[in-house]
Every structure is written in structure tokens, then in C-alpha cells.
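The structure appears below as C-alpha cells.
Along the sequence shown, residues carry numbers from 1.
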Amino acid sequence: QVQLVESGGGLVQPGGSLRLSCAASGRTFSNYVMGWFRQAPGKERQFVASISRSGAISYYVPSVKGRFTISRDNAKNTVYLQMDSLKPEDTADYYCASSPANWGSRPLFRSEINYWGQGTQVTVSS
């Protein structure tokens, strides 16, 4: 069993930055591809970014590419999402997720997720 706990959400003005963290319990963190998803009010949960087990490869949805950076520290069992140049349309609850999938620089699908965090709220507004 893996528990994922997100932190770092909050209210930020357009153009600002936030860094989300997701701390994982257990000793199998490095066995999983990790990802971030987001869910805006009234919308389905959508993929944002994913990172390989080693951290060498990452993949982003086009709307955040160049603004968001996913990274991981396997020694700390933590995955991060650095979000820069934030826009109002980035407002959502953000969830980290783990996957045992055979992954190769592509979106993660919700059906591939074995554990979810509880989510952290990000609001981009002036």
C-alpha cells in the first residue's frame, strides 16, 4: 500500500508560481511512474504531467508544457510540480498519482493509476 499526500496549493495571482509536493509512504516509490492530474469544478479529472521511475523522462499536456515542470526525488519519496506563469484556467484541485504501467513518454490514463493522493487546491485569481 502506498499513501500519497499533496501539499503546496493555494491562491496565487495570474503570472505567479506555486510548487506542489507529493510525499509517498512505503519503500516502493521508485517502482512507480508518477503523475499529476487536475480537476476543475464541474469537469472530469485530467492528466497534466508524468515522470519516469528514474526521473529522466517527463511528459506534459500541451496546455502546460513550458510552464510546468515535474520532478522527483526518489531518496525523499517525493514528486514535485513546479508551476510558473500560472493562468486562471489552471485553477483546479491537483492530484498526484502512481502507476505501475509500462510507460514511455506519453499521457498516463486514469485506468493505469493504482494510488491517488487526496488533492490540493490551486486557485489562480487576481
Problem - Distance (rounded to the nearest 0.5 Å) between R38 CZ and E44 CD - result: 14.5 Å

Problem - side-chain contact (heavy atoms from CB on, under 4.5 Å) between L11 and Q121, worked out - result: CA-CA 8 Å; L11 173 64; Q121 188 174 54; over 6 Å; no

Exercise for the section: Find the distance between OG (S71) and CE (M34) and round it off to the nearest 0.5 Å. Expected result: 11.5 Å

Completion exercise
Separation between CG (D90) and OG (S125), nearest 0.5 Å, reads 12.5 Å

Problem - Polar side chain donor-acceptor pair, T78 to D73, under 3.5 angstrom - result: no

Handout entry: Check: S50 side chain, G35 main-chain N or O, donor-acceptor pair, under 3.5 Å
Key = no

Practice task
State, yes or no, whether a side-chain contact exists between R110 and R45 at a heavy-atom distance under 4.5 Å.
Solution key: yes

Fill in the blank from the handout: Looking only at heavy atoms, the pair that brings G26 and N77 closest together is O-ND2, 2.7 Å

Handout entry: Donor-acceptor pair, side chain of R53 and main chain of P100, under 3.5 angstrom
Key = yes

Exercise for the section: Give the minimum heavy-atom separation between V2 and A24, together with the two atoms involved. Expected result: CG1-CB, 4.2 Å

Could you pull out all donor-acceptor pairs under 3.5 Å where a side-chain atom in residues 79-89 meets a protein atom, sequence neighbours excluded?
{"from": "Q82", "atom 1": "NE2", "to": "D84", "atom 2": "OD1", "distance (Å)": "2.9"}
{"from": "D84", "atom 1": "OD1", "to": "S17", "atom 2": "OG", "distance (Å)": "2.7"}

Practice task
Return yes if some donor-acceptor pair links the side-chain N/O of T91 with the main-chain N/O of T123 below 3.5 Å, else return no.
Solution key: no

Fill in the blank from the handout: OH of Y95 to SG of C22, rounded to nearest 0.5 Å, is 13.0 Å

Exercise for the section: Would you indicate whether the side-chain heavy atoms of V33 and L108 approach each other to under 4.5 Å? Expected result: yes

Problem - Pair listing, ring-ring contact (aromatic ring centres under 6.0 Å, His included) test, anchored in residues 28-57, at least two apart - result: F37-F47, F37-W116

Problem - Side-chain heavy-atom pair K65, F68 within 4.5 angstrom cut-off - result: no

Exercise for the section: Report the distance from atom OG of S105 to atom CD1 of I57, rounding to the nearest 0.5 Å. Expected result: 6.5 Å

Exercise for the section: Of all the heavy-atom pairs spanning S126 and P14, show the shortest one and how long it is. Expected result: N-CD, 3.7 Å

Handout entry: Residue pair I51 / Y59, side-chain heavy-atom distance below 4.5 Å
Key = no

Exercise for the section: Compare every heavy atom of S54 with every heavy atom of N74, then report the nearest pair and how far apart it is. Expected result: ND2-CA, 4.4 Å

Problem - Side-chain donor or acceptor of Q39 paired with backbone N/O of Q46 under 3.5 Å - result: no

Problem - Closest contact, heavy atoms only, C96 versus L4 - result: SG-CB, 3.6 Å

Exercise for the section: Verify, without hydrogens or angle tests, whether T28 (side chain) and N31 (backbone) share a donor-acceptor contact under 3.5 angstrom. Expected result: no

Exercise for the section: Answer yes or no: is there a donor N or O on one side and an acceptor on the other, between the side chain of Q13 and the main chain of V124, under 3.5 Å? Expected result: no

Completion exercise
Here the gap from S98 atom OG to E112 atom CD, rounded to the nearest 0.5 Å, amounts to 11.5 Å

Fill in the blank from the handout: In terms of heavy-atom contacts, I70 and S58 come closest through CG2-CB, 3.6 Å

Handout entry: Joint hydrophobic cluster, Y94 plus V5, side-chain heavy atoms closer than 4.5 Å
Key = no

Problem - Minimum side-chain heavy-atom gap D93-T120 below 4.5 Å - result: no

Problem - Side chains of Y60 and T69 in contact at under 4.5 Å (non-hydrogen atoms) - result: yes

